[in-house]
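Residue numbers begin at 1 in each chain, while the letters A, B, ... track the order of the sequences.
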Protein chains: 2
Amino acid sequence: MSPYDPSAFPPFAVTVDLVVLTVRRHSLCALAVRRGEAPFQGRWALPGGFVRADEDLAMAAARELEEETGLCAHDPGTPAPAPGNGAHLEQLATYGDPKRDPRMRVVSVAHLALAPDLPAPKAGGDAHSARWAPVETFLEPEDEETGALAFDHAQILADGVERARSKIEYSSLATAFCPTEFTVGELRRVYEAVWGVALDPRNFHRKVTGTPGFLVPTGGTTTRQGGRPAQLFRAGGATLLNPPMLRPEV
Amino acid sequence: MSPYDPSAFPPFAVTVDLVVLTVRRHSLCALAVRRGEAPFQGRWALPGGFVRADEDLAMAAARELEEETGLCAHDPGTPAPAPGNGAHLEQLATYGDPKRDPRMRVVSVAHLALAPDLPAPKAGGDAHSARWAPVETFLEPEDEETGALAFDHAQILADGVERARSKIEYSSLATAFCPTEFTVGELRRVYEAVWGVALDPRNFHRKVTGTPGFLVPTGGTTTRQGGRPAQLFRAGGATLLNPPMLRPEV
DNA sequence: GATCATAGTCGTCTGCCTGACGATAAACAC
DNA sequence: GTGTTTATCGTCAGGCAGACGACTATGATC
C-alpha cells in the first residue's frame, strides 16, 4: 500500500489539550474545566478542543488558551508582546492511545502554558465551569468531590508538571510565572511552589543576580511583600541558565 | 459547536516520522530514505508512515523502526530486552502545519531513535533506497546530489539532533549509541561525535566511572581500539546523570 | 628485541560554584 | 522604641571540573 494514498489513511480527530499552570498562594495550580457532556460528564478535565482545518497546532493551542483564560500566548524566545497578559506556551507531548477516547480515535497534542497569577477563570464554551486548583488535587485525587481527571488527562497533567519542574532548572522559564516586574523574592517563591521545597534566600539571591543576562534591574523598588523594599527586575535576554539552578534532593 | 461532535471534526491523517541516529566513523549519522513518489520524488526524507487504526503512537513508531532497520525498540527506562539489536525510542515532537504536506492535512508525530552502529540499512517498502549520512549532510545541504530533505523533515531532524545533544548531558542516553558492552573510550567517542568536540580522556574517565550506577564493569577487557586493553562496561541502572556532563563551550 | 605510537588509567592542583549560615539594612505593626 | 518581616551582603568549607603530568599495557615497526 502506498503510505500516502489519501483514500487509505484511517480517520483521526486531532485536538489540543492545555496544561495551564500558575502559582497562586504559594502553590502550583492547574486550570481545569468541568465537562458538560458525556463521556466523563461532570468530571474535571484539561481545557482543549479540536484543531481547525486551516490552523497550525501552536495556533490552535493559543486560540484555546485565549478562549479559556483571555491570555495572549507568545512563542518562547521572543519577549512578551503584550506585557501583563502574556503567557509562555510550548508543545508538551502527543497522546494517541486508540482507547483514550471511548467514542473515536482522537490524537491530542498537549501543550504547556505558564502564566502569572490571574483573576478568576472564565468558563469556556464547552465547560459548565472552570477553576484553578493545586496540581496535587488532580494528581492525588483523595478529594471525593473533585475526583480524577477525565480521559488520560491526569497523565498529561503529570507530564506537564514534570516538564515545568525540570525546565526551570536550566532555563529562565520561572519568570513566566511572574508579572513583568518582580522581585528576587517573588521569583524564589515561584521556585519554591513549583518544586515544593524551601530555598535559602541568600544563596538564591546570589545565584540569580550573579547570572549575567538573567535579570535586569528596572530601577524601581517595591514593598508589596512587607519588610525591606526589594529591587524590581525584568526577565533578561538569557533564556538558558548555565550552570543550572540545582533542585534540592527530595 | 460541540467540540466532540463526531461529524464536525476536520479530517486528519496521522503519521509517525523517525529521526534515527547512530554514530559511525566518529560522526553523528541519521537514517534517510529516498522517496519513490511525488511529491518530493527522488528526494531524501525521514522514514515514517501512517499510524494504523488500532495502533498506539509508540507502537507505530516501533513498527516503522523495525521495518526500516530491523531494530527492536524498547521503552526508555527498561533495560534492552534484546541485547545487541535494541534501540532507544522516544517521542520527539509533533508537526502539524496545514501546508506541510501539499496534498492533505497530515499531522506527524516525530520520534527519536538512537541505535548502535548498524550494518548497511535495508530499504523500506516505500523507498527506493536508504542510507546513513552525517547529519550535517542533511542540515547544511551544500551537497548538490543530496539536496534538502523533503517536507519539513530538515526541521524535524534538527530538533531530533538537538534533543539528543542536550539529553546526553544529563542522562545515560549516550549508552544507547553503544553496543551492550563498551569501553570508556568508546563512550567518550560517542559524546565527541554527538557534540562535535574533543573531550579530555582523563576527566571523562573520572566523571563516568565516578558516577554511581552509571557504568558497571563486566570484568572483561578489550583491545579492539588498539593500545592498552580497556575495561568493558555495561550501562548501569542510573538513567539520570547528576551533576550532568558539561558540554564544553563551542 | 628495542623502540615507537596508541590508548587507557591514576593523580595533582587550582579555581569556581554551592550549601550553610552570620550579619546588616529597611520597611511595617504595635 | 521594639519586634517582625523581608532583602541583601559576606564568609567559609567542601565538591567538582578543567588543565595537565605520569605511568601502564598493548600492537606496529625497525
Rounded to whole Å, please give me the gap between [atom1] in [X] and [atom2] in [N].
{"X": "A/N242", "N": "D/dC16", "atom1": "CG", "atom2": "C1'", "answer": "15 Å"}
{"X": "A/R228", "N": "D/dG3", "atom1": "CZ", "atom2": "P", "answer": "21 Å"}
{"X": "B/L232", "N": "C/dG8", "atom1": "CG", "atom2": "C1'", "answer": "12 Å"}
{"X": "A/F204", "N": "D/dT6", "atom1": "CZ", "atom2": "P", "answer": "16 Å"}
{"X": "B/F182", "N": "C/dG8", "atom1": "CZ", "atom2": "C1'", "answer": "16 Å"}
{"X": "B/Q231", "N": "C/dA7", "atom1": "CD", "atom2": "P", "answer": "19 Å"}
{"X": "B/L199", "N": "C/dG8", "atom1": "CG", "atom2": "P", "answer": "13 Å"}
{"X": "B/L246", "N": "C/dC17", "atom1": "CG", "atom2": "C1'", "answer": "11 Å"}

If the cut-off is 4.0 Å, is [X] near the phosphate of [N], judged by side-chain N/O to OP1 or OP2?
{"X": "A/H205", "N": "D/dT8", "answer": "yes"}
{"X": "B/R188", "N": "C/dG8", "answer": "yes"}
{"X": "A/K207", "N": "C/dC17", "answer": "no"}
{"X": "B/R189", "N": "C/dG8", "answer": "yes"}
{"X": "A/R206", "N": "D/dT11", "answer": "no"}

From [options], pick the nucleotide closest to the side chain of [X]?
{"X": "B/N203", "options": "D/dT8, D/dA19, D/dA17", "value": "D/dA19"}
{"X": "B/R202", "options": "C/dG11, D/dG10, D/dA7", "value": "C/dG11"}
{"X": "B/Q225", "options": "C/dT9, C/dG8, C/dT18", "value": "C/dG8"}
{"X": "A/P201", "options": "C/dC21, D/dT8, C/dT9", "value": "D/dT8"}

* Structure fact -> Here the pair of heavy atoms bringing B/S129 nearest to B/W44 is OG-CH2, 3.9 Å
* Asked: Which heavy atom of B/A235 sits nearest a heavy atom of B/F182, and at what distance?
  ->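 Reported closest heavy-atom pair: N-CE2, 3.9 Å.
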* Is the closest side-chain donor-acceptor distance between A/Y95 and A/D17 under 3.5 Å? ->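 No pair is found: no donor N or O on one side chain lies under 3.5 Å from an acceptor on the other.
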* Asked: When the nearest nucleotide of DNA chain D is assigned to B/G227 and to B/M245 on a heavy-atom basis, which residue is associated with the more 5' position?
  ->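 Comparing both residues, the 5'-ward one is B/M245.
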* B/W132 ring centre to B/R25 NZ or CZ under 6.0 Å, with the angle to the axis within 45°? ->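 The answer is no; the distance or angle limit is not met.
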* Asked: Out of B/L187, B/T218, B/V184, which one pairs with B/F233 under the side-chain contact (heavy atoms from CB on, under 4.5 Å) rule?
  -> B/V184
